[in-house]
Amino acid sequence: MLGQEYSVTNHTLGQYHLEKLYSGMEQMGISCSPSEIEKLLIFYEMLIEKNKVMNLTAITEFDDVLEKHFLDSLSLVRNINLRQSLKVLDLGTGAGFPGIPLKIVFPELELVLVDSLNKRIQFLKEVIEKLGLSGITAVHGRAEELAIKAEYREKFDLCVSRAVANLSSLSEYCIPFVKIGGYFISYKSGEIEEEVKAAKKAIAVLGGKGVEVEKFTLAGTDISRSFVKIEKKKSTPNFYPRKAGTPSRDPIH
Ligand code: SAH
């Protein structure tokens with residue numbers, strides 16, 4: 001078993017049972033080093049500690065965080081080769097999902113974490129520093145404001161997002177950040193046909209093409225999930241994204 005290759009030496013971390021993490025990673029074909037496992041565990045501890053004073057996650061049990069946050073975040077590996085130096089933006093990262101687990105396990109990725117809530121961004125800056133991560137920044141701002149800035153607009157190979165908005169609004173947040181030839185991949189739950197249908201127009205208008213839906217079961221669970229993968233084919237018209245609040249109040253339809 002993959003797990004036998006690891007020995008987490010730090011005594012404070014020895015209390016955790018890591019079987020679920022190892023077997024979930026093994027199912028997804030992910031290998032990672034003991035120091036990466038240790039970083040995931042330190043991140044878990046920081047998350048739980050900060051969650052006492054700030055709303056970061058409703059899920060706090062170790063096994064649940066492993067499955068529903070860590071393994072779920074990492075399942076992106078099913079969809080795209082993450083062992084390369086892609087420029088990735090995580091829109092509405094919240095407590096760092098999927099961005100932080102992705103950066104820890106796939107260190108070649110160059111990550112920008114974005115959230116409109118400054119307290120969460122401050123927490124993520126502490127995480128980045130404590131874990132000694134490089135090639136990752138946490139930026140405070142709304143998608144609608146950052147995506148019109150030259151330094152962010154159409155600069156990313158990949159924009160990912162989990163649990164932020166419906167696919168139509170989310171496309172308006174995310175597609176403007178993506179380079180032509182790059183991808184926007186949204187983490188979604190299992191049943192998304194209607195949502196995809198409702199977002200077709202928005203995706204086309206924003207320059208996306210070819211919506212691919214991949215359904216799967218989250219490793220080690222019976223939770224059904226899906227990825228919606230959209231390739232960017234054309235530049236996004238300057239009109240988009242519209243001003244803050246409009247994409248969610250009045251999605252392109
Ligand atoms: N992706 C995380 C957090 C989801 S909660 C996870 O899966 O656990 C949604 C997050 O999106 C919140 O932290 C909220 O502040 C952020 N958010 C919502 N609308 C946004 C916008 N327009 N621009 C940037 N961040 C946004």
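As the structure is a prediction and not an experimental result, all values here were calculated from the model. In each ligand, atom 1 is the first atom listed, and ligand 1 is the first ligand listed. For reference, positions follow the sequence shown, starting with 1.
Among protein heavy atoms, atom 18 (C) of ligand 1 sits closest to Val164 CG1, 3.9 Å. The nearest protein atom to atom 14 (C) of ligand 1, hydrogens excluded, is given as Asp115 OD1, 3.5 Å; this is a heavy-atom distance. The nearest protein atom to atom 22 (N) of ligand 1, hydrogens excluded, is given as Glu144 OE1, 3.0 Å; this is a heavy-atom distance.
Every atom of ligand 1 is numbered from 1 in the order shown, and the set under 4.0 Å from a heavy atom of Arg120 is 12 (C), 13 (O), 15 (O). Per-residue contacts place Thr93 under 4.0 angstrom from the following atoms of ligand 1 (heavy atoms of the residue considered): 1 (N), 2 (C), 3 (C). Every atom of ligand 1 with a heavy atom of Gly94 under 4.0 Å away is listed here by number and element: 3 (C), 13 (O). Near Ala163, meaning under 4.0 Å from one of its heavy atoms, ligand 1 places the atoms 4 (C), 5 (S), 7 (O), 9 (C).
Remark: the Glu49 side chain and the Tyr44 side chain contain no N/O donor-acceptor pair separated by less than 3.5 Å.
Annotation: Phe177 is not in aromatic contact with Phe184 [ring centroid separation under 6.0 Å not met]. Ring centroid separation for the pair Phe97 and Phe43 comes in under the 6.0 Å cut-off.
The environment of Glu193 atom CD is dense: over 12 non-hydrogen atoms of other residues, nucleotides or ligands sit within 6.0 angstrom.
When only interatomic distances are considered, the shortest N/O to N/O separation between His69 and ligand 1 does not fall below 3.5 Å.
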